[in-house]
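All remarks here apply to the structure that follows.
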Amino acid sequence: MAMNRGAKEEAERLYRQGNGYRREGKWAEAINCYIAAAELDAGSPAVEAKRMLDDILGYYNKDMYNP
């Protein structure tokens, strides 16, 4: 089934909004935008952006916490 143009445009808007939130350090808002964009367009760059943000936020350096 082809995606309608409005959904693709909304996914792009959400992706860009997520990028803005990410630059501001508003991680939860960025992730929410990326998820919403990915739901509208599975081919959106938001899919990769969310994965990368998950990796960044999930990073744990045990040496930093256990000197």
Side-chain angles (χ1 to χ4, degrees):
M1 183 169 131
M3 178 187 334
N4 73 41
R5 186 170 157 174
K8 191 157 187 80
E9 289 172 356
E10 180 65 6
E12 177 67 22
R13 186 192 70 75
L14 287 163
Y15 169 65
R16 290 176 189 259
Q17 184 177 20
N19 286 342
Y21 283 136
R22 182 184 44 79
R23 284 190 292 274
E24 294 172 6
K26 296 179 179 177
W27 312 118
E29 291 89 343
I31 288 174
N32 288 336
C33 285
Y34 293 152
I35 289 170
E39 287 174 353
L40 291 171
D41 178 7
S44 170
V47 174
E48 180 66 13
K50 182 193 177 297
R51 187 195 62 74
M52 290 184 339
L53 193 53
D54 285 343
D55 287 347
I56 290 167
L57 294 175
Y59 177 75
Y60 174 72
N61 182 344
K62 66 179 180 172
D63 295 331
M64 189 168 73
Y65 295 106
N66 298 311

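Only this structure's heavy atoms are used, side chains among them; waters, hydrogens and symmetry mates stay out.
- To the nearest 0.5 angstrom, Lys26 atom NZ is 10.0 Å from Gln17 atom CD.
- One finds a salt bridge joining Glu12 and Arg16 here, because a Lys/Arg side-chain nitrogen approaches an Asp/Glu carboxylate oxygen to under 4.0 Å.
- In the hydrophobic clustering of this structure, Leu57 groups with Tyr34; members are Ile, Leu, Val, Met, Phe, Trp, Tyr whose side-chain heavy atoms approach within less than 4.5 Å, directly or through other members.
- Looking at heavy atoms from C-beta onward, Asp54 lies in side-chain contact with Ile31 at the 4.5 angstrom threshold.
- Considering every non-hydrogen atom in both Ala38 and Ala46, the closest pair reads N-CB, 4.4 Å.
- Distance check: Arg22 CZ to Tyr15 OH gives 7.5 Å after rounding to the nearest 0.5 Å.
- Both Leu53 and Ile35 are members of a single hydrophobic cluster when ILVMFWY side chains are connected at heavy-atom separations under 4.5 Å.
- In this structure, Ala11 and Asp41 approach most closely via the heavy-atom pair CB-CB, 3.7 Å.
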